[in-house]
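Read the structure below first, then the notes.
Residue numbering restarts at 1 for every chain, and letters A, B, ... go by the order of the sequence lines. Everything quoted here is computed from the prediction, not taken from an experiment.
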There are 2 protein chains.
Amino acid sequence: MNGSTARRVTIRDVAERAQVSISTVSHAFSGSRPISQATRDRIFRAAAELGYDPNPSARSLRTGRSGIIGLILRPRFALCGTPDRAETFNRLVGSVATEMLRRKVGLIHVPDLNDPSVSSVPMDGCIVAHPYGADEVLAELLRRGVPVVTIEEDPERPEFTWTVRLDYTTVVTALLDHLRDQGAGSVALLTGSEDNAWNRRTRETYLAWCERHGHAARVELLSEGLSVDDAAATIRPLLASPERPDAVVVDTSDFAAITAEIATTRGLRVPEDLMIASLTDTEHSRSAVPPITAMDLNHERLAENAVELMLSRLAGLETPPEAVVIAPALRVRPSTQRSAG
Amino acid sequence: MNGSTARRVTIRDVAERAQVSISTVSHAFSGSRPISQATRDRIFRAAAELGYDPNPSARSLRTGRSGIIGLILRPRFALCGTPDRAETFNRLVGSVATEMLRRKVGLIHVPDLNDPSVSSVPMDGCIVAHPYGADEVLAELLRRGVPVVTIEEDPERPEFTWTVRLDYTTVVTALLDHLRDQGAGSVALLTGSEDNAWNRRTRETYLAWCERHGHAARVELLSEGLSVDDAAATIRPLLASPERPDAVVVDTSDFAAITAEIATTRGLRVPEDLMIASLTDTEHSRSAVPPITAMDLNHERLAENAVELMLSRLAGLETPPEAVVIAPALRVRPSTQRSAG
DNA sequence: CTGAAAGCGCTAACAC
DNA sequence: GTGTTAGCGCTTTCAG
């Protein structure tokens, strides 16, 4: 019943059964040359009877293409991380998978590019999500000549335009302006430790904004790898200090939610005494009390555009002059709305 | 700079440069036979200098293994569906991907098994999630001799034990008992249209429970493919009817949330006049007003166990006598808590 | 319209 | 400890 001992059926078996040569079988399947109706029928019948399905490795070896696109998610805290990171990971992976399935292209999660003990995977191209500055995996792929498209740019590779990137400047500026409109006197930034576009661009934008407005910048590090408790330990003194800011922008949504909790515990009202915003939008920000204003990275559109770009690239599109730019969305919620509005 | 015209470097190039035969290079990489230190050094240096990386298709063709595991998610509404379906899809895909990455095995999303225009993928085994009754994709994979593990059983294949399944009976019974404890007089079930274990088992359990308690069963169909508006159109008459139930179990969380909304609009208090529970747990159930009691399918543990089972299977484990059983979790929330407790 | 045959890059006998 | 060689199953010239 279980055909575990049965040899796989090959093109040769089909040829034999249909009384033709293997090349005819091959052409019948690929349609790459005219075959008489009678022959073609015999071949398809034989194939169906035998349950033939072509060996993808043999085909790839021969043609040099696999029809499969790889996906590498760079942030090291994406796995085994906190709930915020898991949700973000799921959403990006899910979005890319959805888009690939819709287009009927194989998607493969690349396990570990540089571990020689891990078998490498046959891919025609690779999407690298959220690369670091001077990302080494990206560099290795380029060195190997793999066609790459990145989701967010490697900040050290501005010349690499096979990229879908986010326009952080506009959104973060809008957020800071919004906080000021709502009466924020001093805005602190709790930024992540990962050296990627997300952290770099948002921090740069914050610093530029501070300078433009003669606002004293206050940046604290809050690593994405911290546990919620550790994060709390960093946040508490900030809120206890006499020079406590009256608005904080926290990198990840779960730490933002913790901030709201801590504030409430200390008797600080949100948003009246402390406004809180986060640079990632997940259930933590949406269902915090009060709900927290957040920047949504728009993974679905990032994924769509990255897949589209990759397919164009594989189809022969020339190197584009500029990266594709996507706007993150700013979701304004009660945590930053002092006035009704 | 971009090596797009450069020929890929093969084992032959490395052999030539290191002044050894290609088999020696092969063995040096696989470690499958002793190589003198000097030779091995020369080989690795040559490989590094040339930037050699082995061709996975050639290797798979030769060895018959690819080191890649496939994933097929069966529910047709998993894609392009409503938010509940998207979140569920993301969570399952994310969980499987996370687990595979942790184990450093390649994971591939299989695009479309039966579309001949889609190139088939090299996989050593395949995980099929949420198969239908007498699932045809599952059947096709088995016919091809692909080692399969399913997440949830195909209800028409009780003999197939390479499965991680959910113990719905216990949890759904507990839910119904809970509703009765909270004073439910009549409980209706709004069940999905997909013919899979989730819908079958939960419905069976409901019917058995009704019979056991002399409770008039009331089952309505609410297809997972419905838009939220269409679902609302099905739900409204139910709540308007004079024989309106005072508790409903709704298959998906977003439709449960809609039910809560409709009830509130009609002046029904939840849970006092109407208790609501759902058989899927997502943000919709958690952040509905009031929060909705839900069964959590525990995708993370399903994924973990399925991957584990697949790796054991590929490592030669004998056919297990029984499926692995996981408990879904019952998350009791205010939507079904009339008394404080 | 069809067949013969080379060879994609690698592994694993089998020799020495 | 190392080399030679026969394929894995397929696509694709090149001949007819």
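- Residue A/S23 is in base contact, counting any heavy-atom pair closer than 4.0 Å across all strands shown.
- Residues from residues 44-70 of chain B with heavy atoms under 4.0 angstrom of DNA chain D, sorted by number: B/L61, B/R62.
- Residues B/S57 and A/S57 have side chains that never bring a donor and an acceptor to within less than 3.5 angstrom of each other.
- Contact footprint of chain A on DNA chain D: nucleotides with an atom under 4.0 Å from a non-hydrogen protein atom, first to last in 5' to 3' order, D/dG9 to D/dC14.
- Between B/E194 and the choices B/R85, B/R74, B/R76, the salt bridge (Lys or Arg N to Asp or Glu O under 4.0 Å) rule is met once, by B/R76.
- Residue-level contact check: B/S36 touches the backbone only, with heavy atoms under 4.0 Å from sugar-phosphate atoms and none from bases.
- The outermost nucleotides of DNA chain C lying under 4.0 Å from heavy atoms of chain A, listed 5' to 3', are C/dC1 to C/dG9.
- Distance alone, capped at 3.5 Å, places no donor-acceptor pair between the A/N305 side chain and the A/L302 backbone.
- No donor-acceptor pair under 3.5 Å is formed between the side chain of A/T39 and the backbone N or O of A/I35.
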**Request:** Step by step, work out the side-chain contact (heavy atoms from CB on, under 4.5 Å) result for A/V324 and A/T163.
**Result:** CA-CA 6 Å; A/V324 176; A/T163 293; over 6 Å; no
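- Without hydrogens or angle criteria, B/S66 side chain to B/I68 main chain gives a donor-acceptor distance under 3.5 Å.
- Residue B/S30 is classed as having no contact, given no heavy-atom separation below 4.0 Å to the nucleic acid.
- Looking only at distances, a side-chain donor or acceptor of A/S312 sits under 3.5 Å from a matching main-chain atom of A/E308.
- Nearer to the 5' terminus of DNA chain D, by closest-nucleotide assignment, is the contact made by B/I35 (compared with the other of A/I22 and B/I35).
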**Request:** Dump the intermediate steps for salt bridge (charged side-chain N to carboxylate O under 4.0 Å, His left out) on A/E156 and A/R200, then the final yes or no.
**Result:** CA-CA 11 Å; A/E156 301 281 341; A/R200 279 210 202 185; 2.8 Å; yes
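- Proximity of a side-chain donor or acceptor of B/D154 to a complementary backbone N or O of B/A134 within less than 3.5 Å is detected.
- Mapping A/T10 and B/S21 onto DNA chain D by nearest heavy atom places B/S21 at the nucleotide closer to the 5' end.
- The structure places OG1 of B/T98 at 12.5 Å from CZ of B/R103, a figure rounded to the nearest 0.5 Å.
- For A/N196 (side chain) and A/H130 (main-chain N/O), no donor-acceptor pair under 3.5 Å exists by modelled atom type.
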